[in-house]
Amino acid sequence: QLQLVESGGGLVQPGGSLRLSCAASGFTLDGYAIGWFRQAPGKEREGVSCMSGSGLSTNYADSVKGRFTISRDNAKNTVYLQMNSLKPEDTAVYYCAAVDARDNDLVTNQAICVPLIYDYWGQGTQVTVSS
């Protein structure tokens, strides 16, 4: 069974940091484009950061540039989202997602943060930034 499981969410004060992890099971993330998305109450799901299947291209939402970093460890079959200088507006449920780049040429060398193109999703982890 193909599965993505996020962890690392929680409550943090403004200015603090969190590192989200997304562990894959049932398949190997190597060669998959990956993405982190978030959804706040009453808002649509939005792309936060994405990485191409090749791993050579990344993309960040303007609101998180310079504060968040996406990475992957193929040996651990895990992707990460390092979040620094957190703000209250970062509060949301964060989801990781993956799509096999061998099935979608668009994401082999491009980091595309469009939810519709991703096939596999985790269950989400809550991030709350509040004093």
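Bear in mind that the values here come from a model prediction, so they are computed numbers and not experimental data.
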Under 3.5 Å, is there a donor-acceptor pair between the D73 and T78 side chains? no

Examine V107 and W36 and state if one hydrophobic cluster contains both, with Ile, Leu, Val, Met, Phe, Trp and Tyr joined whenever side-chain heavy atoms are less than 4.5 Å apart. no

Under 4.5 Å between any side-chain heavy atoms of I112 and L106, yes or no? yes

Report whether V99 and I70 are members of the same hydrophobic cluster (ILVMFWY, side-chain heavy atoms less than 4.5 Å apart, transitive linking). no

Taking the side chain as every heavy atom from C-beta outward, state whether S52 and Q110 have any atom pair closer than 4.5 Å. no

Set out, in order, the CA-CA distance, both residues' side-chain angles and the distance that settles side-chain contact (heavy atoms from CB on, under 4.5 Å) for V93 and T125, then state yes or no. CA-CA 5 Å; V93 178; T125 185; over 6 Å; no

CG of N84 to CD of Q82: how many Å apart, nearest 0.5 Å? 4.5 Å

Is it possible for you to check whether R38 lies under 6.0 Å from the centre of the six-membered ring of Y95, through NZ or CZ, and within 45° of that ring's axis? no

So, for A101 and G53, which heavy atoms are closest and what is the spacing to 0.1 Å? CB-CA, 3.9 Å

Find out whether S54 and N109 are in side-chain contact, i.e. whether some heavy atom of one side chain is under 4.5 Å from a heavy atom of the other. yes

Single-linkage hydrophobic cluster, 4.5 Å side-chain cutoff, M51 and Y120 together: yes

Is the ring centre of W121 less than 6.0 Å from the ring centre of F37? yes

I need the R45 CZ to L116 CG distance, nearest 0.5 Å. 10.5 Å

Looking only at non-hydrogen atoms, find the nearest pair between F27 and L4 and report the distance. CZ-CD2, 3.7 Å

Test side-chain contact (heavy atoms from CB on, under 4.5 Å) applied to Q126 and Y94, step by step: CA-CA 6 Å; Q126 176 70 46; Y94 283 71; over 6 Å; no

Quick check: does any side chain N or O of D100 sit under 3.5 Å from a backbone N or O of Y32, one acting as donor and the other as acceptor? no

Does the side chain of S130 reach to within under 4.5 Å of the side chain of P88, using non-hydrogen atoms? no

Taking only Lys NZ, Arg NE, NH1 and NH2, and the carboxylate oxygens of Asp or Glu, determine whether K65 and D62 approach each other closer than 4.0 Å. yes

Verify the cluster assignment for L2 and V79: are they in a single hydrophobic cluster under the rule of side-chain heavy atoms below 4.5 Å apart? yes

E6 CD to C22 SG distance, which is reported to the nearest 0.5 Å: 5.0 Å

Distance-minimising heavy-atom pair for V64 and V48: CG2-O, 3.6 Å

Can you name the closest pair of heavy atoms from S85 and S17 and give their distance? N-OG, 4.3 Å

Between S71 and I34 the two heavy atoms that sit nearest each other are O-CD1, 4.4 Å

Can you check side-chain contact (heavy atoms from CB on, under 4.5 Å) on L18 and L86, steps first, answer last? CA-CA 8 Å; L18 284 174; L86 282 161; 4.2 Å; yes

Positive for side chain to side chain contact (heavy atoms under 4.5 Å, CB included) with M83, one of D90, V129, V127: V127

Check whether any side-chain heavy atom of S49 sits under 4.5 Å from a side-chain heavy atom of F68, and report yes or no. no

Considering all heavy atoms of both residues, which atom of A61 and which atom of G47 are nearest to each other, and what is their separation? CB-O, 3.5 Å

Are any of the side-chain heavy atoms of Q39 and E46 separated by less than 4.5 Å? no

Is L29 reachable from Y118 through a run of I, L, V, M, F, W or Y residues, each pair having side-chain heavy atoms under 4.5 Å apart? no

Can you establish whether the number of heavy atoms outside E89 located under 6.0 Å from its atom CD is more than 12? yes

